[in-house]
Number of protein chains: 4
Amino acid sequence: MVLNMEKHKRQAILGKAREWIGANGFSEFTMSKLAKFCGIAKGTLYNYFDNKEDLMVKVVEDRVAEIHHEVEEILGGSQEPEGKLRSMIRQGLAFYRDNLDLLMLYANEVKIADCKFPSSATAHGRFLREHLEWFMNRFEQLLSDMGVKRERRLLAYFFHETMKNLMSFNMLSGRELDIDRDADLLYSFYFHGVEAFQ
Amino acid sequence: MVLNMEKHKRQAILGKAREWIGANGFSEFTMSKLAKFCGIAKGTLYNYFDNKEDLMVKVVEDRVAEIHHEVEEILGGSQEPEGKLRSMIRQGLAFYRDNLDLLMLYANEVKIADCKFPSSATAHGRFLREHLEWFMNRFEQLLSDMGVKRERRLLAYFFHETMKNLMSFNMLSGRELDIDRDADLLYSFYFHGVEAFQ
Amino acid sequence: MVLNMEKHKRQAILGKAREWIGANGFSEFTMSKLAKFCGIAKGTLYNYFDNKEDLMVKVVEDRVAEIHHEVEEILGGSQEPEGKLRSMIRQGLAFYRDNLDLLMLYANEVKIADCKFPSSATAHGRFLREHLEWFMNRFEQLLSDMGVKRERRLLAYFFHETMKNLMSFNMLSGRELDIDRDADLLYSFYFHGVEAFQ
Amino acid sequence: MVLNMEKHKRQAILGKAREWIGANGFSEFTMSKLAKFCGIAKGTLYNYFDNKEDLMVKVVEDRVAEIHHEVEEILGGSQEPEGKLRSMIRQGLAFYRDNLDLLMLYANEVKIADCKFPSSATAHGRFLREHLEWFMNRFEQLLSDMGVKRERRLLAYFFHETMKNLMSFNMLSGRELDIDRDADLLYSFYFHGVEAFQ
DNA sequence: CATGAATGAGTATTCATTCAT
DNA sequence: CATGAATGAATACTCATTCAT
């Protein structure tokens with residue numbers, strides 16, 4: 001019961017946190033603001049989360065679990081490889097559309113610096129890198145199925161980043177996301193390169 | 001002479017700043033830490049730079065000028081379009097190899113958040129975005145020369161990002177940069193897509 | 001209740017601030033010193049006041065409201081003009097006796113400089129000047145009732161200042177305030193000038 | 001020779017300091033700004049003055065000497081007392097017109113607080129208070145000559161302050177100083193009080 | 001003497017975290 | 001469990017003063 005209630009409240013807080021970050025950006029995020037936004041006391045947050053880092057990990061955690069699940073469904077399904085690739089793209093675009101803050105998190109927190117000096121890495125940054133690792137491992141298999149012979153890991157990474165790049169491009173240039181059009185574009189670019197646009 | 005000394009010290013501080021940022025990431029960067037890292041007093045920094053923002057812009061400024069110059073040389077040269085593309089890749093890789101901290105700056109400071117919340121944008125972030133704008137404008141011409149009919153702006157952005165992606169990938173996975181090999185890889189991926197690796 | 005406690009502490013801090021300023025003057029006043037003087041942490045001050053300016057305005061605000069009220073009562077009453085003038089003097093002296101720090105605030109913060117350089121004016125300085133304005137407007141009426149034909153505004157200002165001058169004189173020369181005696185003195189000087197002392 | 005040069009430069013710096021303070025107000029005054037305004041190095045200032053306090057005393061010193069001299073001339077002259085009083089007023093108004101910064105200095109630095117806590121007093125504040133003391137002593141004699149029987153010291157103080165009050169009033173209300181008119185006004189007020197304006 | 005780079009203590013302010021209620 | 005007042009270390013920045021050249 002209590003645990004249940006606890007879980008509920010925890011989830012409610014996380015939802016609010018996402019909402020806030022999505023609306024106001026990441027660097028302005030503070031515990032006070034979150035508490036006020038949730039309509040609870042600052043101290044209460046610390047009953048549910050060890051600290052800000054912990055909360056930030058949890059903010060990401062379940063949505064990353066969600067991706068894991070969706071990716072598993074697509075890659076473990078019975079479509080042709082190309083169909084899977086297209087599905088991956090559509091799912092990725094839809095996901096980032098609904099979780100724009102994660103895009104920012106990725107941009108800001110999956111830091112190269114953390115690789116050189118892991119001690120200074122943030123917990124949520126580490127978490128995101130672990131997910132990236134998992135994703136690349138998983139995606140390499142698809143590339144293998146598609147007959148890709150070399151550099152599968154790099155290409156897996158490119159896939160992950162290129163999708164974010166498209167979202168970033170849209171944001172930076174004020175272009176609207178159109179999943180049908182943009183999924184096609186991405187597929188063409190990723191599979192055939194610039195050549196496809198000649 | 002004195003001016004020379006001033007310039008020297010200014011450059012020395014900027015060098016140290018780059019070193020620090022390269023090693024520890026951007027968001028942890030403070031004036032106190034830099035002062036200590038330089039072995040000078042906090043106040044001294046303010047004899048050379050108006051404020052933190054100013055210093056951070058200066059950290060980027062001259063090297064961006066350097067890129068501008070090199071890019072102009074390649075794109076304004078007499079090579080075939082494909083030759084130019086290859087040269088751009090080699091130049092870009094070499095540049096990032098020598099200026100690894102700029103990679104982080106880009107990752108951390110060309111923020112999507114700043115497009116949604118421009119008020120919170122930093123001066124050096126704006127500076128980098130302006131450079132990006134310039135680069136894309138310039139690169140679109142090459143794509144046009146290569147006969148690319150559609151989505152040239154997006155593809156220009158992809159070029160810029162893909163190069164950084166390769167560098168990031170190397171860092172994240174501990175892979176060594178090999179300009180010959182990696183330039184070929186990038187050319188293949190960018191021009192022909194994943195297909196080229198089948 | 002809680003609000004009550006809050007208000008209490010807020011008032012306690014303001015009281016301490018007045019005490020400190022009364023004892024040490026205004027230009028030396030800092031948030032650190034106040035915090036230490038209150039025996040609380042620096043950050044705590046910011047739980048009660050937005051910033052130093054805000055605190056300094058609040059230091060003055062309620063007591064100025066008090067003067068407003070008392071002045072209205074006297075000037076709006078049914079005494080003869082001369083009676084009103086005498087009452088004003090007694091009230092003013094009593095007020096400054098009980099709020100010596102305000103004397104310093106006036107001396108230091110209703111700055112002539114702020115008129116020449118309004119950009120550098122402080123919020124509490126502006127506040128005090130607005131009160132002065134109000135007072136002069138109000139007092140001009142009394143002078144009119146007394147049959148004063150010319151220079152009423154200047155004379156209103158002289159009234160305000162002369163009262164402060166007496167207080168300052170007492171402080172500077174170690175003379176004790178004696179309201180009966182000093183009210184008479186002021187009345188004589190203000191109404192009849194030096195002549196009255198011949 | 002050298003001493004002469006030294007004295008010359010010292011005076012030049014003091015002149016510049018007055019000019020700066022008169023133009024920009026007192027609270028913004030810093031050694032760096034003065035050095036730049038003089039076109040010399042910061043360190044040079046310290047060859048001529050022990051510290052900022054010392055410089056600020058010297059800024060006042062000679063002009064106060066000037067007043068001393070003028071006051072002596074008037075009070076020691078052969079005019080009738082009333083003539084002397086009128087001369088004092090005209091001389092005072094002219095002096096403050098030409099040395100507006102001293103008005104600010106008086107307002108800000110002859111602090112009541114310094115009487116209660118002399119340890120925190122500034123050197124130039126002390127200097128100004130000493131001058132005030134001298135002035136009051138000197139002026140009391142005139143009042144005596146005019147047949148003033150009581151409260152001569154207080155009235156001397158009032159004289160000093162009232163003159164400043166008129167200047168302040170002009171500044172605060174944007175009124176222009178007109179020495180003929182304002183000297184008459186002051187004489188009437190000081191000698192006959194408000195009564196004279198009925 | 002003149003210089004001006006270097007200093008460091010000091011200023012206002014923020015914010016993650018704790019703890020008595 | 002919930003609260004929110006209190007904390008204090010940290011941040012960017014200033015400026016009177018010193019001292020090697």
Side-chain angles (χ1 to χ4, degrees), chain A residues 2 5-6 9 28-36 38-56, chain B residues 1-3 5-6 8-10 13 27-36 38-56, chain C residues 1-3 5-6 8-10 13 27-36 38-56, chain D residues 2 5-6 9 28-36 38-56:
Chain A
V2 175
M5 266 192 70
E6 259 189 37
K9 185 131 183 185
E28 307 289 318
F29 180 72
T30 70
M31 294 299 260
S32 305
K33 285 172 183 169
L34 178 57
K36 181 170 275 182
C38 291
I40 62 176
K42 234 185 309 186
T44 307
L45 292 176
Y46 287 87
N47 289 332
Y48 293 93
F49 305 95
D50 289 346
N51 47 42
K52 200 187 178 192
E53 271 288 354
D54 179 42
L55 191 152
M56 276 153 80
Chain B
M1 281 314 130
V2 175
L3 270 179
M5 264 193 73
E6 258 192 40
H8 224 237
K9 183 126 189 187
R10 204 190 182 85
I13 292 173
S27 49
E28 308 290 318
F29 178 73
T30 71
M31 294 299 261
S32 304
K33 285 172 184 170
L34 177 57
K36 182 169 277 183
C38 292
I40 61 178
K42 232 182 312 183
T44 306
L45 293 177
Y46 288 89
N47 291 335
Y48 292 93
F49 305 94
D50 288 346
N51 47 45
K52 199 189 178 191
E53 273 288 358
D54 178 43
L55 190 152
M56 278 151 80
Chain C
M1 284 313 129
V2 175
L3 270 180
M5 264 192 74
E6 257 190 41
H8 224 236
K9 183 124 189 187
R10 203 191 183 83
I13 293 173
S27 50
E28 306 291 318
F29 178 73
T30 71
M31 294 300 261
S32 306
K33 286 173 184 169
L34 178 57
K36 181 169 278 182
C38 292
I40 61 177
K42 235 182 310 184
T44 306
L45 291 177
Y46 288 88
N47 291 336
Y48 293 93
F49 305 95
D50 289 346
N51 47 44
K52 198 189 177 191
E53 272 289 356
D54 179 43
L55 191 153
M56 278 153 79
Chain D
V2 175
M5 265 195 72
E6 259 189 37
K9 187 132 186 186
E28 307 288 317
F29 179 73
T30 69
M31 295 298 261
S32 305
K33 285 172 184 170
L34 177 57
K36 181 170 278 181
C38 292
I40 62 175
K42 232 185 312 187
T44 307
L45 292 176
Y46 288 87
N47 289 334
Y48 293 93
F49 306 94
D50 290 346
N51 47 42
K52 201 190 179 190
E53 270 289 353
D54 179 42
L55 190 152
M56 277 152 79

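Naming convention: chains lettered A, B, ... in sequence-line order (proteins, then strands); numbering from 1 in each chain. Keep in mind that what you see is a predicted model, and the values were worked out from it rather than measured.
For B/Y46, no side-chain nitrogen or oxygen approaches OP1 or OP2 of E/dA5 to under 4.0 Å. Remark: A/S32 is not in phosphate contact with E/dC15, judged by side-chain N or O atoms under 4.0 Å from OP1 or OP2. The shortest distance between the side-chain N/O atoms of C/N47 and the OP1/OP2 oxygens of F/dA5 is not below 4.0 Å.
Atom P of nucleotide E/dA6 and atom CZ of B/F49 are separated by 11 Å, given to the nearest angstrom. Going from atom CD of B/E53 over to atom P of F/dC13 covers 8 Å, rounded to whole Å. As a whole-Å value, the separation of B/K52 NZ from E/dT13 C1' is 15 Å. Distance D/M56 CE to F/dT17 P: 11 Å, rounded to the nearest Å. In this structure, the NZ atom of A/K33 is 9 Å from the P atom of E/dA16, given to the nearest Å. When rounded to the nearest whole Å, the span between CG of C/L34 and P of E/dA12 equals 10 Å. Nucleotide E/dC15 holds its P atom 8 Å from the CD atom of A/E28, rounded to whole Å. B/L55 has its CG atom 15 Å from the C1' atom of F/dT11, to the nearest Å.
E/dT7 is paired with F/dA16 under the criterion used here, namely a Watson-Crick or G-U wobble arrangement in which both key atom distances are under 3.5 Å. In this structure, E/dT14 forms a base pair with F/dA9, meeting either the Watson-Crick or the G-U wobble geometry with both donor-acceptor distances under 3.5 Å. Figure legend. F/dT21 is base-paired to E/dA2; pairs are counted as Watson-Crick or G-U wobble with both atom distances under 3.5 Å.
Comparing F/dA12, F/dG4, E/dT7 by their nearest atom to the side chain of B/M31 picks out F/dA12. Closest to the side chain of C/Y48, from the set E/dT7, F/dA5, F/dG4, is F/dA5. Checking E/dA16, F/dT7, E/dT7 against the side-chain heavy atoms of B/T44 singles out E/dT7 as nearest.
Along DNA chain F, the nucleotide nearest to C/L45 and the one nearest to D/K42 differ in position, and the one closer to the 5' end is contacted by C/L45. Both B/G43 and C/N51 lie near DNA chain E, and the one whose nearest nucleotide falls closer to the 5' end is B/G43.
Scanning all heavy atoms of the two residues, the minimum distance from B/S32 to B/K42 falls at OG-CD, 3.6 Å. Taking both residues in full, the closest heavy atoms of A/D54 and A/N51 are given as N-OD1, 2.8 Å, listed atom of the first, atom of the second, then distance.
Rounded to whole Å, the separation between the C1' atoms of E/dC1 and F/dT21 comes to 13 Å.
For the pair C/K33 (side chain) and C/E28 (backbone), a donor-acceptor distance under 3.5 Å is present. In terms of modelled atom types and a separation under 3.5 Å, the side chain of C/K36 and the main chain of C/A41 share no donor-acceptor contact.
In this structure, C/T30 reaches the sugar-phosphate backbone alone: every heavy-atom distance under 4.0 Å involves primed, P, OP1 or OP2 atoms, never a base.
You'll find the side chain of D/F29 reaches within 4.5 Å of the side chain of D/K52, heavy atoms only. Side chains of C/L55 and C/Y48 form no contact here, defined as non-hydrogen atoms less than 4.5 Å apart.
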